[in-house]
Amino acid sequence: KDAFHAGVDIHALTASQVFGVPVEGMDPMVRRQAKAINFGIIYGISAFGLARQLDISRTDAAQYIAAYFDRYPGIRAYMERTKESATKLGYVTTLYGRRCYVPGIHDSNGAMRSFAERTAINAPIQGGAADIIKRAMLRMPNALAGAGLNAKMLLQVHDELIFDVPQNELAETTEVAKATMETVAHLDVPLVVDTGFGKNWDEAH
């Protein structure tokens with residue numbers, strides 16, 4: 001949370017804290033490994049899966065995962081707590097209380113049960129993100145109309161919104177869209193929205 005509030009690169013910070021290397025002058029490959037662990041952990045990645053993804057030995061991958069949980073024990077506690085709750089209730093809930101059912105959580109097949117457990121861990125995270133972007137989409141038309149803007153919201157892609165905007169309204173539309181998205185939820189970390197524009201979606205990136 002401190003890193004997000006300070007605007008620090010979360011993957012670089014993870015690499016620094018897990019691998020014991022300074023953030024300044026960090027090898028991009030080390031940051032890439034930390035990024036793979038950060039995202040892999042919330043999907044319940046195994047040592048085998050991480051080893052394959054990073055092209056390292058299974059032993060090294062297991063050590064990376066162990067070091068991560070040693071450094072961030074609260075994440076493992078969240079994962080275990082979520083699995084227990086899903087097993088008991090048959091579902092998990094998102095930030096806004098939406099239920100995500102996990103039908104395979106009692107499966108007699110170990111592989112199916114493990115998959116359901118990974119789903120249970122991830123669903124509140126990705127489901128919460130989905131809730132937030134949908135709330136932003138619901139607020140956006142009134143926000144644009146209230147500012148007297150003619151932009152049209154065209155598409156949602158994961159955590160991204162795409163608009164068709166008159167060129168002479170670009171700056172103001174950017175400001176309104178950014179403010180609407182950044183204030184739609186109040187979390188323990190800031191919601192920071194990056195913007196871009198172009199004649200097509202590719203250029204806007």
Side-chain angles (χ1 to χ4, degrees), residues 1-8 10-11 13-14 35-46 49 65 68-69 71-147 151-163 173 175-195:
K1 286 195 281 188
D2 288 344
F4 281 111
H5 279 289
V8 174
I10 194 68
H11 302 306
L13 183 68
T14 299
K35 184 176 180 179
I37 296 170
N38 272 337
F39 287 128
I41 290 293
I42 61 170
Y43 287 107
I45 200 167
S46 65
I65 292 172
Y68 183 95
F69 284 129
R71 185 63 185 81
Y72 307 118
I75 293 177
R76 185 186 284 283
Y78 158 76
M79 294 169 77
E80 293 304 319
R81 188 171 66 247
T82 303
K83 285 192 290 187
E84 287 175 15
S85 178
T87 301
K88 180 181 177 182
L89 300 173
Y91 62 84
V92 292
T93 56
T94 68
L95 180 70
Y96 292 102
R98 182 167 56 88
R99 290 185 182 184
C100 301
Y101 286 89
V102 194
I105 200 74
H106 298 115
D107 203 295
S108 58
N109 181 310
M112 293 295 290
R113 193 168 59 253
S114 292
F115 176 77
E117 288 174 350
R118 292 194 299 274
T119 300
I121 290 164
N122 182 251
I125 301 167
Q126 281 205 314
D131 291 348
I132 289 170
I133 193 71
K134 287 176 177 63
R135 288 167 74 92
M137 292 169 73
L138 286 168
R139 290 191 184 182
M140 197 64 69
N142 284 343
L144 293 170
K152 293 178 182 175
M153 185 167 51
L154 299 179
L155 193 65
Q156 174 230 340
V157 183
H158 302 301
D159 60 352
E160 185 172 339
L161 296 180
I162 303 167
F163 299 88
T173 301
E175 189 177 315
V176 170
K178 181 176 169 68
T180 301
M181 293 176 76
E182 289 184 339
T183 58
V184 74
H186 300 284
L187 311 175
D188 289 343
V189 293
L191 284 175
V192 179
V193 174
D194 297 320
T195 60

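FYI, side chains are in, hydrogens and waters are out, and symmetry mates aren't considered; it's all heavy atoms of this structure. Every value quoted in this text rests on a predicted model; they were computed, and no experiment measured them.
Closest of all the heavy-atom pairs between Gln156 and His158 is NE2-O, 2.9 Å. A pairwise comparison of heavy atoms in Val92 and Ala86 identifies CG1-CB, 3.8 Å as the closest pair. Across every non-hydrogen atom of Leu13 and Ala3, the tightest pair is CD2-CB, 3.3 Å. Considering every non-hydrogen atom in both Asp188 and His5, the closest pair reads O-NE2, 2.6 Å. The heavy-atom pair separating Met181 from Asp159 by the smallest distance is CE-O, 4.0 Å. Residue Ala123 comes nearest to Thr94 through the heavy atom pair O-CG2, 4.4 Å, listed as atom of the first residue, atom of the second, then distance.
Between Ile37 atom CD1 and His11 atom NE2 the span is 11.5 Å, to the nearest 0.5 Å. In this structure, CD in Glu117 is found 14.0 Å from CG in Asn122, a value given to the nearest 0.5 Å. Here the straight-line distance linking atom OG1 of Thr173 with atom NZ of Lys152 works out to 13.0 Å at 0.5 Å rounding. Distance check, rounded to the nearest 0.5 Å: CZ of Arg139 to NZ of Lys134 gives 15.5 Å. Atom CG of Leu161 sits about 4.0 Å away from atom CD1 of Ile133, to the nearest 0.5 Å.
Checked against salt bridge (charged side-chain N to carboxylate O under 4.0 Å, His left out), Glu182 has the following partners two or more places apart in sequence or in another chain: Lys178. With sequence neighbours excluded, the residues satisfying side-chain hydrogen bond (donor to acceptor under 3.5 Å, both in side chains) with Gln126 are Tyr43.
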Under 3.5 Å, which donor-acceptor pairs link side chains of residues 96-105 to any protein atom two or more places apart or in another chain?
| unit_1 | atom_1 | unit_2 | atom_2 | d |
| --- | --- | --- | --- | --- |
| Tyr96 | OH | Arg135 | NE | 3.4 |
| Arg98 | NE | Asp131 | OD1 | 2.8 |
| Arg98 | NH2 | Gly127 | O | 3.1 |
| Arg98 | NH2 | Asp131 | OD1 | 2.8 |
| Arg99 | NH1 | Tyr101 | OH | 3.2 |
| Arg99 | NH2 | Tyr91 | OH | 3.2 |

* How far apart are the C-alpha atoms of Ile41 and Met79, what are their side-chain angles, what is the distance that settles it, and do they pass the side chain to side chain contact (heavy atoms under 4.5 Å, CB included) test? -> CA-CA 9 Å; Ile41 290 293; Met79 294 169 77; 4.0 Å; yes
* Asked: Taking it one step at a time, do Leu95 and Ile132 satisfy side chain to side chain contact (heavy atoms under 4.5 Å, CB included)?
  -> CA-CA 9 Å; Leu95 180 70; Ile132 289 170; 4.2 Å; yes
* To do: Would you check, one step at a time, whether the test side chain to side chain contact (heavy atoms under 4.5 Å, CB included) holds for Phe39 with Ile45?
  => CA-CA 9 Å; Phe39 287 128; Ile45 200 167; over 6 Å; no
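Contact annotation: the side chain of Tyr68 approaches that of Ile75 to within less than 4.5 Å [non-hydrogen atoms, C-beta and beyond]. The side-chain heavy atoms of Phe4 and Leu187, taken from C-beta on, include no pair separated by under 4.5 Å. With contacts defined as side-chain heavy-atom distances shorter than 4.5 Å, the pair Phe115/Asp107 does not qualify.
A salt bridge is absent between Arg81 and Glu84: the closest approach of a Lys/Arg side-chain nitrogen to an acidic carboxylate oxygen does not fall below 4.0 angstrom.
Counted within 6.0 Å of CG on Asn109, heavy atoms from surrounding residues, nucleotides or ligands total more than 12; the atom is thus considered enclosed.
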